[in-house]
Trainee: 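One structure coming up, written as structure tokens, with questions to follow.
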Amino acid sequence: MADTAPPPAMSCALAEAAAAAAAGEVPIGAVLLDSDGAVVAMAGNRVERDHDPTAHAEMLALRGAAARLGAKRLDGCDLYVTLEPCPMCAAAIGLAHIRRLYFAAYDPKGGGVEHGPRIFDHPTCHHRPEIYGGIAESAAAALLRRFFLTRR
């Protein structure tokens, strides 16, 4: 997909990322849609606020959607994230049976989908979502750059 007008769900994920940055969190946002395209859950990183190393935006969106839908498997759901998921989040996405994963910026250092361990390529991975990377990549990368520039 072109890096121009992002889909509405990615725009929402970017807004979640910006809110996370304003709260002092690494600016990553996630939005989970059901099979009809309705928003089921949205989250930004809350690692610092919750004092929880697993409080990544993706994990929070998966937990919120599972609770709201009353199901551990989110078959037919799509996840939009502003950064390539890390290995922990990629594994959780597989366990949740997410239908499609859309992410903005690639993460050569910490990613677990297209980089690093490539979780979905392992024979022990029992579910692989359709994967679409680079959606609104420049907007997500700019958020991350601004955030880390202020920290250095």
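Note that the structure is predicted; figures quoted are calculated from it, not measured.
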Trainee: If you take all heavy atoms of A141 and A105, which pair is closest and at what distance?
Mentor: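 In terms of heavy atoms, the two residues are closest at N-CB, 4.3 Å.
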Trainee: Kindly work out whether a path of hydrophobic side-chain contacts (I/L/V/M/F/W/Y, heavy atoms less than 4.5 Å apart) joins L101 to L69.
Mentor: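 Yes, because L101 and L69 connect within a single hydrophobic cluster, where side-chain heavy atoms sit under 4.5 Å apart.
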Trainee: Are M59 and I119 linked, directly or through intermediate hydrophobic residues, by side-chain heavy-atom contacts shorter than 4.5 Å (ILVMFWY only)?
Mentor: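 As far as the 4.5 Å side-chain criterion goes, M59 and I119 are not connected within one cluster.
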Trainee: CD/E137 to CD1/I135 distance, rounded to the nearest 0.5 angstrom?
Mentor: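 One finds 10.0 Å between CD of E137 and CD1 of I135.
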Trainee: Give a yes/no verdict on a cation-pi contact between R100 and Y102, requiring under 6.0 Å between NZ or CZ and the six-membered ring centre and an angle within 45° of the axis.
Mentor: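 Checked: cation-pi criterion not met.
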Trainee: Walk me through it: do L32 and D78 pass the test side chain to side chain contact (heavy atoms under 4.5 Å, CB included)?
Mentor: CA-CA 6 Å; L32 197 137; D78 298 337; over 6 Å; no
Trainee: Would you say I131 ends up clustered with I98 if hydrophobic residues are merged whenever their side chains have heavy atoms under 4.5 Å apart, either directly or through other cluster members?
Mentor: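 Shared cluster, yes.
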Trainee: Name every donor-acceptor pair, under 3.5 Å, that has one atom in a side chain of residues 82-93 and the other anywhere in the protein, sequence neighbours excluded.
Mentor:
{"unit_1": "T82", "atom_1": "OG1", "unit_2": "G29", "atom_2": "N", "d": "3.0"}
{"unit_1": "E84", "atom_1": "OE1", "unit_2": "D107", "atom_2": "N", "d": "2.9"}
{"unit_1": "E84", "atom_1": "OE1", "unit_2": "H115", "atom_2": "ND1", "d": "2.7"}
{"unit_1": "E84", "atom_1": "OE2", "unit_2": "V113", "atom_2": "N", "d": "3.1"}
{"unit_1": "E84", "atom_1": "OE2", "unit_2": "E114", "atom_2": "N", "d": "2.7"}
{"unit_1": "E84", "atom_1": "OE2", "unit_2": "H115", "atom_2": "N", "d": "3.0"}
{"unit_1": "E84", "atom_1": "OE2", "unit_2": "H115", "atom_2": "ND1", "d": "3.4"}

Trainee: Do the non-hydrogen side-chain atoms of V31 and L79 ever get within less than 4.5 Å of each other?
Mentor: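 Answer no - side chains too far apart.
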Trainee: If I compare all heavy atoms of M10 with all of A136, which pair ends up nearest, and what's the gap?
Mentor: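 Here M10 and A136 meet closest at CG-CB, 3.9 Å.
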Trainee: Quick one: closest heavy-atom pair of A61 and A41, and the distance?
Mentor: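 Heavy atoms of A61 and A41 come nearest at O-CB, 3.4 Å.
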Trainee: Can you list every salt bridge (Lys or Arg N to Asp or Glu O under 4.0 Å) pair that touches residues 35-48, not counting sequence neighbours?
Mentor: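 Residue pairs with at least one partner in residues 35-48: R46-D50.
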Trainee: Could you walk me through whether T54 and R63 pass side chain to side chain contact (heavy atoms under 4.5 Å, CB included), step by step?
Mentor: CA-CA 11 Å; T54 69; R63 289 177 194 150; 3.0 Å; yes
Trainee: With side chain to side chain donor-acceptor pair (under 3.5 Å) as the rule and sequence neighbours excluded, what pairs involving residues 17-32 come up?
Mentor: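 Listed once each, the pairs would be none.
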Trainee: Indicate yes or no for a side-chain donor-acceptor contact from H122 to the backbone of P117 under 3.5 Å, with no hydrogens or angles considered.
Mentor: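 Checked: pair present.
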Trainee: Looking at every heavy atom in both H97 and R73, which two are closest together, and how far apart are they?
Mentor: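 In terms of heavy atoms, the two residues are closest at NE2-NE, 3.3 Å.
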Trainee: Do L144 and P27 have side chains that get closer than 4.5 Å, going by heavy atoms?
Mentor: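 Sidechains of P27 and L144: in contact.
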Trainee: I'd like to check the ring-ring contact (aromatic ring centres under 6.0 Å, His included) partners of Y106; sequence neighbours left out, ordered by chain and number.
Mentor: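 Residues passing ring-ring contact (aromatic ring centres under 6.0 Å, His included) with Y106: F103.
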Trainee: Of all residues at least two apart in sequence or in a different chain, which pass the side-chain hydrogen bond (donor to acceptor under 3.5 Å, both in side chains) check with R49?
Mentor: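 In terms of side-chain hydrogen bond (donor to acceptor under 3.5 Å, both in side chains), with neighbours along the sequence ignored, R49 is linked to no residue.
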Trainee: Any side-chain heavy-atom pair from V26 and V47 closer than 4.5 angstrom?
Mentor: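 V26 vs V47: side chains apart.
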Trainee: Are V81 and L60 joined in one hydrophobic group, where the rule is that I, L, V, M, F, W and Y side chains link up if heavy atoms are under 4.5 Å apart?
Mentor: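 V81 does not cluster with L60.
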Trainee: So which atom in F120 and which in C125 form the shortest heavy-atom distance, rounded to 0.1 Å?
Mentor: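 Nearest heavy atoms, F120 then C125: CD2-SG, 3.7 Å.
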Trainee: What residues form a side-chain hydrogen bond (donor to acceptor under 3.5 Å, both in side chains) with R68, not counting sequence neighbours?
Mentor: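 side-chain hydrogen bond (donor to acceptor under 3.5 Å, both in side chains) list for R68, sorted by chain: empty.
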